[in-house]
Every structure is written in structure tokens, then in C-alpha cells.
There are 2 protein chains.
Amino acid sequence: MKILIADDDRDLLGLIAFALTQAGYLVVRASDGPAAIRAFEEESPDLVVLDINMPGASGFQVCEAIRVKSRVPVMMLTVRGEEEDLVRALELGADDYLNKPFSPRTLLARIKALLRRAGVESTAPLAVGQVTLDVDEHTVRIGDGAPVRLTKLELRLLQMLLANAGRTVHSDRLLVQVWGHRNSGDRQLLKQLVHRLRQKIEADPANPVLLQTAAGSGYKLIVE
Amino acid sequence: MKILIADDDRDLLGLIAFALTQAGYLVVRASDGPAAIRAFEEESPDLVVLDINMPGASGFQVCEAIRVKSRVPVMMLTVRGEEEDLVRALELGADDYLNKPFSPRTLLARIKALLRRAGVESTAPLAVGQVTLDVDEHTVRIGDGAPVRLTKLELRLLQMLLANAGRTVHSDRLLVQVWGHRNSGDRQLLKQLVHRLRQKIEADPANPVLLQTAAGSGYKLIVE
DNA sequence: GCGCGCGGTAACAGAACGGTTATAAAGCGC
DNA sequence: GCGCTTTATAACCGTTCTGTTACCGCGCGC
């Protein structure tokens, strides 16, 4: 699990990096905006921690640049009291924020929660009920059938449904998690993706058993 | 999603309630400490917003009372500069705080982030008396009957009635909460929706037991 | 009686929704 | 470039949902 941290305060950067490394994460550092954007593109981390106040490009700009091409979880570091900054960050697509000063323990807890929510916590083969998902290989196996190859989007969709197995996941949330945007007009994309995924994982795609529709809200994966 | 707001400033209370209602949340109000604790127990909200300075029992006491029996997310409203209040609130288990004065937009962004962080996004089935409402699945169960699918509007209506179970909800309020407008000519919409909902949840739709008419004002849900 | 307001019911049409198919555009290895 | 896979866009169809119109029955004041 790779985490990118961007902050111009070298001491703080070192402290955070130490804490995260201890916790078993791989840490990439950047100490200004442009470096952060470059590092993001080169390293494609699983999570990004951004300070708002940075030389070069502010955390806002970095967040915006990241959001254009990715839905990776972003955590913002803010100064207490700067409400407007905070709101702007959240509206730009940041997933969580943390007021300075904070304890490394708090940061770690938040990062874990964020990763869990994004469903990227474990890269190992993920098995729930009949469905066994191998994220590295981009394959699923249903029961003891042959592994089936999935595309990037199919994988992400299935990952989300698997992370919430048995519960309904709303279309809007799926749109955000899979594509990173929420234009409600893009329901067609989801329709298509679900259709294609059903062709691959359902014994009878016309009568889905695993990937069921929750009319009016979204989809859910049935496991027993 | 139900939110309890406790503040002794009626104007502020109204403003917040309006903003949150517009954003699609169900709002429960309290204007002093004891009322807040009572409301918390009766309504079991998904999130609580507490002013620190309140007559009866301070926000601290309310927060403490809530924390004894629940881990629901709590947001404190503080006056800027009162650092020790803030620290005390966080130690008592508050999850976030907001300095007065704040904009409704700020509050909304923070509440969203807090809900996300708490992972409350998927609401557990909401049960009052005979009626069990599962918002995610868009279904109700009456007693131990089979789950019945509801449409979006039916769900919203039932949600509103359930949130005010036992009390009459005025037609105008239902119109605003369900459709977002108040053209009094639109009573017919409500009539229809009530009719359709009764077909689904009443054993004998012609003689409603659960969803009763309050002649001249509105409707109410009977629970015992 | 009559007219009137109110709530309940029925019926229908347009909109919205989900599934499916077809086709275009983008990405990628060669 | 070429061919293949993946992704996006559009169109069609059947079903469900929703808004509208109309009508019925009841209570009430006149």
C-alpha cells in the first residue's frame, strides 16, 4: 500500500513518514505542489495526504489535478479555523480532512478508515461466498469455475460490490468510486458496465443471481 | 439520515434546520440540554449537533450522556477562542467542532465529511413499532410479513411519517419534504401517494390502520 | 333538497428506469 | 500504420413510476 504525502514542513513530513512506515505503508514524499503532482503521476499511490498551504501549487490545485484523472482517496491537512479552505477542499473532492496539530495515531486511524472505505485495503485475493477476486491478476472465479479476466472498470465495480457484499450500493456511489465523477447523466455507463460484468460472472446473465438490481437505488452482490 | 440539532438560539436553529432539510436530511430539534437528551433517546439520530452553551444542561453534559450509550457522531458548536471548551469537548468524545459564526454551507460540508468518516452512509433498517423501513433496499416490512418494495416517493413519505411516528404531520410539510415545493394545489399528489402507499402497507387499504388521516391537517402513522 | 369542500378511488399518458443491442471512439500492443 | 480490446454514446423496448384528470361519496351549512 503506497501513500503519497505532500507538506512543505520537512519536520512534519519526516514524522508522518516515520509513523506510516512503521505501520507498514510505503511512503512517497513531496515538499511542494508541483513535486506532489509529479510524484502522483510517477508513483500512482493508493492514497494521498495533502497540506493545503504549500509553495508552488496549493493543496487545492494538487487535489484538483489529481481528481481530473483519478478517484484515489485524498486527505487534506488544514489549519484550525480556516473554515473556507476546508469547505473548498471538500468540494474539490477531498475525502477527509485533519486539523493541525494532530497525533500520528489519529492520522493513522483516519488513513485506515479511508482505505477501508475506498475498498483498496487488501490487494490479496478477496473471497466472499462464491466470488473469489484476484485484484493483481484481474480475474474472478465463481465457485470452482475457471478464472475469468476482467477489465479495469469491471474489476473496480466488482471490488466495490464485494467490499459491500450483501448490501445495496447506490448508483451514485458506484459512479464516484468507479469513474471518479458523479454526473448523474452517466447512468448509462453504469448500466453498460453492469451488463458486461453480468455476462462474465452470471451463469444466466438474463436472470442474475449474484449481481442483483435494487430498483430505484443501485445494485448489490448476493452472497450466502 | 436523521440529525439532531440542539441550540438555544431559535433563529440559528431554524436556519440550520432549513439548510439540512433542503439537503435531504431529516431534522430533529431541541432547544435545551434536557430536551436534547430526551430527543436523542426517542429519535436515535444518526448524527448530533450540539451547542456548548445551552440552558438546562450544557453541551458537555449532553455529549457525556450520549457517549454513555452510543458512539453516534457528535459535532460541537463552539465560540471562537474558547480553547479549553474545545479541548474538553473533544476529550468527552465529540468527533468534530465548528466555530461560530459559520455558514450553512460549511456546516453541511462538515456534516457530510463526518458521516462519511463514521461510515454511517449505509443506514441500518429503521424500525418503529410494526413498521421496519430499510432505506438502502427501498423496502418496508409490516410486522413479520414479507418485505415490500417502495418507490422513491413512497419511501420519502414513509420516512417522514416514521420520523414523526404517532404525531400528525401537516400536508404542507409533507409536500415540502417529499417534493420540495409547497404549491397548495398539489394536494392531489399527496392524496395519490398516500393511496398508493396504503395499498402496499395496509392489510385492508380501504380501512387504514397504520396510515391514518387527520382530517383537515394531514396524516399520521400509528404505532403502539 | 342543493352546492361546496374534502378525502378516496380509478384510469390514463408521459416520463423515468433498467435491460439490451448496435455502433463509434479511444487505447494499446505490434 | 493495423487489429484487437476496452470504453463511451446512442437508440430501442418493456416495465414501472408519477402527474393529471375525472368521478364518487360524505359531511356541512344553507
Side-chain angles (χ1 to χ4, degrees), chain A residues 44 68-71 137-140 148-158 161 168-172 174-175 177-220, chain B residues 137-140 148-158 161 168-172 174-220:
Chain A
S44 57
V68 170
K69 54 187 80 155
S70 166
R71 35 130 258 123
E137 299 291 325
H138 282 220
T139 57
V140 246
V148 181
R149 271 194 72 78
L150 297 180
T151 70
K152 226 179 344 188
L153 293 184
E154 288 161 358
L155 178 76
R156 196 168 276 302
L157 173 64
L158 192 50
L161 291 172
T168 298
V169 188
H170 287 254
S171 299
D172 287 347
L174 287 174
L175 278 176
Q177 305 262 42
V178 176
W179 283 273
H181 51 80
R182 85 175 69 213
N183 302 341
S184 55
D186 289 341
R187 284 179 187 263
Q188 180 61 20
L189 292 178
L190 188 54
K191 247 185 355 182
Q192 285 291 346
L193 191 58
V194 167
H195 183 241
R196 291 199 302 260
L197 187 52
R198 276 180 178 152
Q199 300 293 325
K200 293 193 177 178
I201 69 172
E202 292 282 355
D204 177 9
N207 296 67
V209 178
L210 283 167
L211 205 176
Q212 293 199 352
T213 305
S217 46
Y219 296 90
K220 69 173 165 178
Chain B
E137 304 288 337
H138 282 216
T139 57
V140 245
V148 181
R149 273 256 281 294
L150 297 179
T151 70
K152 231 179 342 194
L153 293 183
E154 289 161 358
L155 180 78
R156 280 240 277 288
L157 174 63
L158 192 50
L161 291 172
T168 297
V169 188
H170 197 273
S171 296
D172 287 346
L174 287 174
L175 278 176
V176 175
Q177 305 263 35
V178 176
W179 283 273
H181 51 79
R182 155 194 336 249
N183 304 341
S184 54
D186 289 339
R187 304 216 156 215
Q188 182 57 25
L189 291 179
L190 187 55
K191 265 200 317 195
Q192 280 294 339
L193 190 60
V194 167
H195 181 238
R196 281 164 183 157
L197 186 52
R198 277 180 177 152
Q199 300 292 324
K200 292 193 176 177
I201 68 172
E202 293 283 356
D204 178 9
N207 296 71
V209 178
L210 284 167
L211 205 176
Q212 294 198 354
T213 305
S217 50
Y219 296 89
K220 68 173 165 178

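Every heavy atom of this structure was used, including side-chain atoms; hydrogens, water molecules and symmetry mates were not. First the proteins, then the strands, lettered A, B, ... as listed; each starts at 1.
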The nucleotide from C/dA10, C/dA11, D/dA8 with an atom nearest the side chain of A/Leu189 is D/dA8
Figure out the CG/C1' separation between A/Leu193 and D/dT7, and round it to whole Å. 9 Å
Among C/dA10, C/dG18, D/dG19, which is the nearest nucleotide to the side chain of B/His195? C/dA10
Ignoring hydrogens and geometry beyond distance, is the side chain of B/Gln199 in donor-acceptor contact with the base of C/dT9 at under 3.5 Å? no
Which residue lies more 5' along DNA chain D, comparing A/Lys200 with A/Gln192 via nearest heavy atoms: A/Lys200
Selection from C/dA11, D/dA11, D/dA8 that lies nearest to any side-chain heavy atom of A/Gln188: D/dA11
Within the pair B/Thr151 and D/dT18, is there a side-chain N or O less than 4.0 Å away from OP1 or OP2? yes
So which atom in A/Leu210 and which in A/Ile201 form the shortest heavy-atom distance, rounded to 0.1 Å? CD1-O, 3.7 Å
Testing C/dT21, D/dA8, C/dG7 for proximity to the side chain of A/Arg196, the answer is D/dA8
Which heavy-atom pair separates B/Arg149 from B/Glu137 by the least distance, and what is that distance? CD-O, 4.4 Å
Can you give me the closest heavy-atom contact between B/Gly218 and B/Ser171, atom names plus distance? CA-OG, 3.5 Å
Could you check whether any side-chain N or O of B/Glu202 sits under 3.5 Å from a backbone N or O of B/Leu211, counting only pairs where one atom can act as donor and the other as acceptor? yes
Under 4.0 Å between a side-chain N or O of A/Trp179 and OP1 or OP2 of D/dA8? yes
Whether B/Arg198 contacts C/dG8 is assessed here as follows: a side-chain N or O lying under 4.0 Å from the phosphate OP1 or OP2. Is that the case? yes
Please work out if B/Leu153 contacts a base, only the sugar-phosphate, or nothing of the nucleic acid, heavy-atom cut-off 4.0 Å. sugar-phosphate
If you restrict it to nitrogen or oxygen atoms, what contacts under 3.5 Å exist between nucleotides 25-28 of chain C and the protein, and what is each distance?
none

Check B/Leu175 against B/Asp186 and note the closest heavy-atom contact, atom names and distance. CD2-O, 3.6 Å
A/Thr168 and A/Ala214 have their tightest heavy-atom pair at CG2-CB, 3.6 Å
Counting only side-chain N and O atoms of A/Tyr219, is one of them less than 4.0 Å from OP1 or OP2 of C/dC17? no
Could you check whether the side chain of A/Glu154 and the base of D/dT6 have a donor-acceptor pair of N or O atoms closer than 3.5 Å, going by distance alone? no
How long is the line joining NZ of B/Lys191 and C1' of D/dC24, in whole Å? 11 Å
I need the minimum non-hydrogen distance between B/His138 and A/Ser217, along with the two atoms involved. NE2-CB, 3.6 Å
